[in-house]
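Data first, discussion second: the structure below is written as structure tokens.
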Amino acid sequence: GVSYGLPAKPELTKAESDIKYLGSRYPFGDDELWKLYKAFYRVQNSDEKVSFISDWAVQCVEIPDSHSNGEDSKEILEELKKERLRTMQVVEHKILPPEFSQRLQETTFSNPAYGSQCEPGLETFFSGLSNVDRRGGRCTIGVLFDYFSVKKNSIPETSSAAGTSAIQVADFNEILHLAYRLSVAAAFLESAKQGIDGKTWIPPQSLDEKAIEGFSHSLTDFIKRKRIRDSPYGTVAEDPYLDKGFVEKVDLQEWVELNAPVLASSLSTFMFHVFFPDKPFPQTRTALSFPRLLQDSVFFTEATSPLLFSFACLSNSLGGSWHRLYSSSSDGLSYNRLQNALLGYGGPTLMIIEETCGTIFGAFTGSRWKESKDFYGQADCFLYQLIPITAIYRPSGNGRNFMYCNSEARSRGYDGQAHGIGFGGDVHSPRLFITETFENCVASSHDLTFECGPLLPKTASGGLQKTFDIETLEVWGVGGDEVVGQALGARHQQREITAANIRKARKVDKAAFLDDFQSGLIESKAFAHRGQMRGRADEDTGDDKYKVGDN
């Protein structure tokens with residue numbers, strides 16, 4: 001008999017074999033693998049090298065599909081590469097630290113890949129990019145840590161404190177400054193991609209350090225409390241490394257996860273814009289999108305304000321465009337204007353409060369605002385303090401008193417409840433509470449709905465501060481263009497419904513009045529004096545000379 005065998009599978013080319021191998025080891029899609037694979041060899045073979053980051057940014061540029069087959073496609077590609085290089089030179093010389101590109105290459109893209117089935121340099125690159133961009137926040141924070149890491153015994157003026165300890169530590173303030181500049185650089189590249197002038201994304205030489213210091217104080221406090229908790233004696237010795245701002249990797253990773261979960265995305269977002277300039281950032285991943293203000297603010301005098309970076313690190317809902325709903329500097333300290341700005345707004349909002357001593361704190365909510373005698377909302381909210389120490393208090397799971405808006409006018413004050421805007425606590429004493437008079441506002445340190453912790457610093461005597469007076473108050477609609485647009489539309493619709501109901505009530509009242517008047521059920525006050533005069537004219541006064549009504 002004749003036997004028929006299956007046709008032999010065609011042998012894979014070297015490139016196909018490499019892609020198959022890399023795809024089995026690294027978290028990239030096929031299109032991404034091929035793009036990076038080709039760019040790797042273009043970088044390797046290029047005679048015009050500038051820097052690690054700029055070289056990759058240029059070689060990852062691809063000609064648009066609409067021009068890929070045209071006669072002038074080569075010229076178009078060269079122009080795109082020149083423009084890309086000019087953009088990256090601004091990034092490297094005016095936004096990022098001058099040594100960033102070389103240092104990142106040395107610490108992240110130079111570790112040898114042993115046992116590789118493809119060119120070692122190729123796998124080293126994919127391994128480094130995976131750590132930066134695809135293996136989660138802890139891994140990315142580890143990359144930032146390694147960028148600055150030093151051995152304890154190499155730190156001046158502290159080496160004698162711990163003998164010859166070789167434990168790796170890193171300067172947290174330097175990590176924060178780099179993360180801030182990476183987030184600004186990503187915003188600059190995004191603007192360039194959209195053809196928008198990115199001059200507003202060039203940070204000033206001197207930065208407002210208050211936001212950076214808030215994070216730094218928060219991490220230091222976190223580490224000290226962690227060590228006290230883990231100590232069998234409940235005390236810890238002085239740490240000269242921590243006092244100088246040097247932290248260990250695991251402490252940094254734990255703090256970021258709890259207090260600034262989006263901070264790690266500063267590096268991954270920037271690197272995505274470098275390597276994939278023609279693609280939008282995937283919605284399935286968390287980007288650090290630097291907030292973009294659509295109106296002026298007392299708190300943020302620069303588009304690149306570090307305070308905006310701090311907010312963006314707290315939640316991915318705080319990235320993208322912000323629309324100002326209320327500002328005490330322009331709208332005045334008016335509760336009616338504040339409530340009118342909020343009611344019906346159908347998207348996430350950020351309330352920022354500065355009290356008279358300079359503390360900045362507030363609340364974030366994700367639910368639609370309405371007036372009610374009861375609390376409402378969902379668990380997509382939190383309370384926070386930003387300055388002088390950054391802390392975030394998320395829902396504890398023990399209560400559901402998330403947000404509250406109850407004016408005295410709603411019940412004429414007969415409900416016996418607190419009147420104003422509040423978060424947490426109960427209807428008689430919300431944890432964070434803005435009174436209708438804006439005086440004697442409350443910010444306490446605990447309730448059932450949110451995690452415990454101070455919103456205000458301690459008093460001079462060391463006690464807990466609970467009440468405050470407002471210096472500045474702003475409320476922003478946040479979440480990006482699409483979210484803000486829909487929320488403003490919901491507010492406009494709510495206002496139209498309210499106005500229509502008022503017009504209808506007025507018409508109904510007027511029509512009912514006329515019907516009752518014409519039917520004789522009621523007597524017009526305008527003519528009531530006639531009856532009164534008639535009654536007086538018929539009345540006997542006891543004096544025949546004088547009758548009411550006589551001339």
Side-chain angles (χ1 to χ4, degrees), residues 22 25-28 32 36 40 43 51-57 60 88 91-92 95-114 120-151 167-186 189 212 215-216 219 245-276 281-282 285-288 290 309 312-313 316:
L22 294 169
R25 292 176 59 84
Y26 301 105
F28 297 96
E32 294 175 324
L36 295 171
F40 174 83
V43 170
S51 71
F52 174 74
I53 289 295
S54 288
D55 293 344
W56 270 98
C60 283
M88 291 307 301
V91 169
E92 293 207 60
I95 302 178
L96 294 178
E99 74 285 354
F100 170 76
S101 185
Q102 180 180 350
R103 181 67 178 163
L104 184 69
Q105 182 181 16
E106 293 171 351
T107 58
T108 308
F109 291 91
S110 298
N111 299 321
Y114 299 105
L122 182 63
E123 183 154 8
T124 295
F125 165 75
F126 273 95
S127 176
L129 188 57
S130 298
N131 291 337
V132 166
D133 191 41
R134 296 298 168 91
R135 286 180 171 156
R138 286 182 72 93
C139 190
T140 305
I141 288 297
V143 171
L144 290 171
F145 179 91
D146 293 340
Y147 181 98
F148 292 105
S149 66
V150 296
K151 292 180 179 179
I167 295 176
Q168 295 286 326
V169 292
D171 188 327
F172 180 52
N173 286 306
E174 290 186 345
I175 293 175
L176 283 177
H177 278 89
L178 177 59
Y180 160 73
R181 291 189 173 276
L182 286 167
S183 65
V184 174
L189 291 178
I212 302 296
F215 273 165
S216 183
L219 176 58
F246 288 92
V247 298
E248 297 179 22
K249 182 184 292 188
V250 65
D251 291 333
L252 176 62
Q253 290 170 326
E254 290 178 2
W255 177 85
V256 168
E257 287 179 343
L258 292 173
N259 296 278
V262 192
L263 189 148
S265 297
S266 59
L267 177 58
S268 57
T269 304
F270 169 74
M271 295 300 279
F272 182 88
H273 285 302
V274 169
F275 289 96
F276 302 100
F281 198 91
R285 296 169 54 202
T286 300
L288 197 162
F290 206 96
F309 165 72
C313 289
N316 60 349

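Quick note: residue numbers are just sequence positions, from 1. Basis for what follows: all heavy atoms, side chains included, without hydrogens, waters or symmetry-related copies.
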Nearest heavy-atom approach of Ala186 to Thr269 is CB-CG2, 4.0 Å
Trace of the side chain to side chain contact (heavy atoms under 4.5 Å, CB included) decision for Glu92 with Phe100: CA-CA 8 Å; Glu92 293 207 60; Phe100 170 76; 5.8 Å; no
If I take atom OH from residue Tyr147 and atom CG from residue Leu178, how far apart are they, to the nearest 0.5 angstrom? 5.5 Å
Minimum-distance pair of heavy atoms, taken over all atoms of Ser268 and Thr140: N-CG2, 4.4 Å
For Arg135, enumerate each residue passing the salt bridge (charged side-chain N to carboxylate O under 4.0 Å, His left out) test, keeping only those at least two apart in sequence or located in another chain. none
Output for pair (Ile141 CD1, Ile175 CD1), nearest 0.5 Å, gives 7.5 Å
For Leu129, does its backbone N or O pair with a side-chain atom of Arg134 as donor and acceptor, under 3.5 Å? no
Heavy-atom side-chain contact between Leu267 and Leu288 under 4.5 Å: no
Run the numbers on Leu22 and Leu36 for side chain to side chain contact (heavy atoms under 4.5 Å, CB included), then give the verdict. CA-CA 11 Å; Leu22 294 169; Leu36 295 171; over 6 Å; no
Among Tyr26, Phe275, Phe52, whose ring pair (Phe, Tyr, Trp, His ring centres under 6.0 Å) with Phe125 holds? Phe275
Check whether any side-chain heavy atom of Gln168 lies under 4.5 Å from a side-chain heavy atom of Phe145, and answer yes or no. yes
Say whether, by atom type as modelled, one donor and one acceptor occur between the side chain of Ser149 and the main chain of Asp146 under 3.5 angstrom. yes
Under 3.5 Å, is there a donor-acceptor pair between the Glu106 and Gln102 side chains? yes
State, yes or no, whether a side-chain contact exists between Val184 and Tyr180 at a heavy-atom distance under 4.5 Å. yes
How long is the gap from OG on Ser183 to CZ on Phe270, to the nearest 0.5 Å? 11.0 Å
Starting at CG of Leu144, measure out to CG of Leu252 and round the result to the nearest 0.5 Å. 8.0 Å
Would you confirm whether Ser110, through its side chain, and Gln105, through its main-chain N or O, come within 3.5 Å as a donor-acceptor pair? yes
Could you tell me the separation between the CD atom of Glu254 and the CZ atom of Arg138, rounded to the nearest 0.5 Å? 6.0 Å
Once you round to the nearest 0.5 Å, how far does CG of Leu182 lie from NE2 of His273? 11.5 Å
Give a yes or no answer on whether the side chain of Ser127 reaches the backbone of Glu123 with a donor-acceptor pair at less than 3.5 Å. no
Measure across Met88 and Leu189 and return the closest heavy-atom pair with its distance rounded to 0.1 Å. SD-CD2, 3.9 Å
Look at the aromatic rings of Phe309 and Phe215 and report parallel, tilted or perpendicular, splitting at 30° and 60°. perpendicular
Has Arg285 got a side-chain atom pairing as donor or acceptor with Asp133's backbone, closer than 3.5 angstrom? yes
Going by side-chain contact (heavy atoms from CB on, under 4.5 Å), name the residues that satisfy it together with Asp55, two or more places apart in sequence or in a different chain. Val43, Lys49, Val50
Contacts of Asp171 that satisfy salt bridge (charged side-chain N to carboxylate O under 4.0 Å, His left out) - sequence neighbours left out: none
Can you name the closest pair of heavy atoms from Gly128 and Phe109 and give their distance? C-CE2, 3.6 Å
So which heavy atom on Asp251 is nearest to which on Leu219, and how close? O-CD1, 4.1 Å
Are the side chain of Ser265 and the backbone N or O of Thr286 linked by a donor-acceptor pair below 3.5 Å? yes
Taking every heavy atom of Phe28 against every heavy atom of Glu32, the minimum-distance pair comes out as CA-OE1, 3.6 Å
Are any of the side-chain heavy atoms of Met271 and Ile53 separated by less than 4.5 Å? yes
